[in-house]
Amino acid sequence: MARISRTLSVPEGVAGERIDSALTRVLGLSRTAVVRLLEDGDITTSGKAMNKSDKVAAGQIIEVLMPQEKNSEPIPLTPIPGLSIIYNDDSIVVIDKPVGCAAHPSPGWEGPTVVGALSAAGYTISTSGPAERAGIVHRLDVGTSGLMVVAKTDQAYTFLKDAFKSRNVTKIYHALIQGHMDPSTGTIDAPIDRHPKEDHRFAVVANGKESITHYEVIEFYRGVSLVKVELETGRTHQIRVHFSALRHPLVGDLTYGADPALAASLGMSRPWLHAMVLELTHPRSGERLTFNAPYPADLTNALALLSSAVLP
């Protein structure tokens with residue numbers, strides 16, 4: 001049987017447990033299978049084989065040589081009105097979230113949610129985490145479209161939460177911002193936390209959480225720029241806050257200072273922001289997967305209106 005090498009960072013949720021118990025939860029294998037790997041010397045840390053009585057620590061790096069899983073093949077997609085299913089197997093489902101849909105239920109939100117749509121369509125979702133956020137390992141704003149991954153098993157949930165925390169997931173967005181960034185490629189490293197006076201907003205503040213955004217201008221238009229953005233961290237409203245702080249708010253983002261007249265002229269009723277690419281390691285097979293989602297109609301239409309004004 002083919003085998004693959006997996007490198008794991010021990011999640012906080014299993015810290016202090018014996019290695020056989022911890023890996024049974026994280027890898028989704030039976031305890032017997034994990035013990036067999038331990039006995040064969042296929043589970044190591046710092047180059048040394050581990051014993052089943054060894055206890056693990058949060059963040060500890062463990063190498064596992066394990067059988068190639070056969071149950072991570074894509075399975076037929078069940079269509080969901082308004083929600084595009086990009087990929088689906090026994091462990092995860094990747095969706096292209098439409099604008100106007102929240103990731104999960106929250107106080108004051110009565111509109112559609114990713115959790116509700118998947119559950120109503122019969123998709124199995126992990127029960128890990130808060131009940132209202134079942135299976136949700138990361139989120140997109142209601143006004144942001146694009147790619148999200150949802151965990152279908154508790155093992156996948158634990159693995160993906162750790163992957164996001166350890167920054168082992170690549171998230172690339174496209175954003176249309178006001179003005180022209182100078183330089184056209186760079187990194188925004190500015191801490192973010194809740195706005196000191198307006199609770200519904202976030203802001204760059206001295207004692208905020210580390211927030212790092214990498215950007216590269218794709219194309220300059222008259223008065224605006226199409227920018228590729230890669231997040232190193234994943235703070236709430238991070239892209240919107242960072243560009244607004246530099247006085248380059250996202251087109252249509254009235255919450256963070258965008259020009260209402262410009263938004264109206266381009267038909268934008270939400271921030272021009274799309275989660276374009278999602279790259280992650282599959283929780284069971286260890287395969288590196290990359291997903292892409294095209295622009296929805298409102299973003300494409302806005303670019304079409306700008307196309308006659310492309311700068312030389």
Side-chain angles (χ1 to χ4, degrees), residues 9 12 59 97 99 101-104 106-109 114 129-130 132-133 136-149 160-218 224-259 263 268 270-280:
S9 174
E12 291 183 357
K97 187 189 82 65
V99 65
C101 180
H104 55 73
S106 60
W109 177 252
V114 171
E132 72 279 4
R133 301 183 184 184
I136 299 297
V137 293
H138 70 126
R139 294 175 288 174
L140 294 178
D141 296 340
V142 172
T144 301
S145 55
L147 293 166
M148 282 183 61
V149 59
L160 290 172
K161 287 291 284 187
D162 180 61
F164 275 97
K165 184 174 182 180
S166 60
R167 303 178 184 178
N168 193 35
V169 177
T170 299
K171 300 167 287 181
I172 296 176
Y173 296 72
H174 283 189
L176 189 66
I177 64 170
Q178 294 183 190
H180 293 163
M181 291 293 292
D182 184 16
S184 59
T185 300
T187 296
I188 307 169
D189 186 349
I192 291 175
D193 214 327
R194 286 201 175 273
H195 193 285
K197 297 181 180 179
E198 302 175 52
D199 196 50
H200 67 289
R201 298 177 60 195
F202 289 77
V204 171
V205 294
N207 60 345
K209 298 176 181 178
E210 180 187 36
S211 306
I212 302 173
T213 302
H214 306 287
Y215 72 88
E216 178 183 354
V217 174
I218 299 172
V224 299
S225 309
L226 181 62
V227 181
K228 172 186 173 183
V229 182
E230 183 171 348
L231 293 182
E232 186 170 324
T233 55
R235 307 304 177 198
T236 303
H237 296 184
Q238 179 173 319
I239 295 173
R240 301 165 63 188
V241 171
H242 270 170
F243 283 99
S244 176
L246 295 179
R247 299 187 178 182
H248 292 288
L250 274 59
V251 171
D253 193 357
L254 305 188
T255 300
Y256 288 101
D259 180 0
M268 292 303 303
R270 55 103 166 191
W272 202 112
L273 180 62
H274 184 65
M276 191 82 177
V277 178
L278 183 65
E279 181 182 316
L280 53 84

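All residue numbers in this chain count up from 1 along the given sequence. Computed over heavy atoms, backbone and side chain alike; hydrogens, waters and symmetry mates excluded.
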Under 4.5 Å between any side-chain heavy atoms of I136 and M148, yes or no?
yes
Can a donor-acceptor pair be found, under 3.5 Å and without considering hydrogens, that links the side chain of T185 to the backbone of P183?
no
For residues T213 and E232, determine if any side-chain heavy atom of one lies less than 4.5 Å from a side-chain heavy atom of the other.
no
Kindly give the heavy-atom pair with the smallest separation between A206 and P191, and that separation in Å.
O-CG, 4.0 Å
Side chains of V204 and H242: closer than 4.5 Å at any heavy-atom pair?
yes
Interatomic distance, CG@L280 vs CG@N168, rounded to 0.5 Å, equals 9.0 Å
Compare all side-chain heavy atoms of I172 with those of E279 and state whether any distance is below 4.5 angstrom.
no
Whether Y215 and F243 hold their rings parallel, tilted or perpendicular, with breakpoints at 30° and 60°:
perpendicular
To the nearest 0.5 Å, atom NZ of K165 lies from atom OG1 of T233 at 14.5 Å
How long is the straight-line distance from CD1 of I239 back to CD1 of I177, given to the nearest 0.5 Å?
11.0 Å
Carefully, step by step, assess F202 and R194 under the rule side chain to side chain contact (heavy atoms under 4.5 Å, CB included).
CA-CA 4 Å; F202 289 77; R194 286 201 175 273; 3.6 Å; yes
Identify the two heavy atoms, one from G252 and one from M268, that lie closest to each other, and give their separation to 0.1 Å.
CA-CB, 4.4 Å
With a 4.5 Å heavy-atom cut-off, do H174 and K228 have their side chains touching?
yes
Could you tell me which non-hydrogen atom of R235 sits nearest to which non-hydrogen atom of S211, and how far apart they are?
CG-OG, 3.0 Å
Minimum heavy-atom separation for I218 to V227, with atom names?
CD1-C, 4.0 Å
Just so I know, are the side chains of D193 and N207 near enough to count as touching, which here means a heavy-atom distance under 4.5 Å?
no
Between NZ of K97 and CG of L147, what distance do you get to the nearest 0.5 Å?
11.5 Å
Least distance between heavy atoms, H138 atom then V149 atom
NE2-N, 3.0 Å
Look up atom NE2 in H248 and atom CG in L176, then write down how far apart they are to the nearest 0.5 Å.
12.5 Å
Search all heavy atoms of M181 against all heavy atoms of L246 and return the closest pair with its distance.
CE-CD1, 3.8 Å
Do R201 and H237 have side chains that get closer than 4.5 Å, going by heavy atoms?
no
Has H180 got a side-chain atom pairing as donor or acceptor with S225's backbone, closer than 3.5 angstrom?
no
L250 and side-chain contact (heavy atoms from CB on, under 4.5 Å): which partner among R270, Q178, R240?
R240
Would you compute the distance between atom CG of D141 and atom CG of L273 and round it to the nearest 0.5 angstrom?
7.5 Å
Donor-acceptor pair, side chain of Y256 and main chain of A245, under 3.5 angstrom:
no
Could you check whether any side-chain heavy atom of M276 comes within less than 4.5 Å of a side-chain heavy atom of Y173, counting everything from C-beta outward?
no
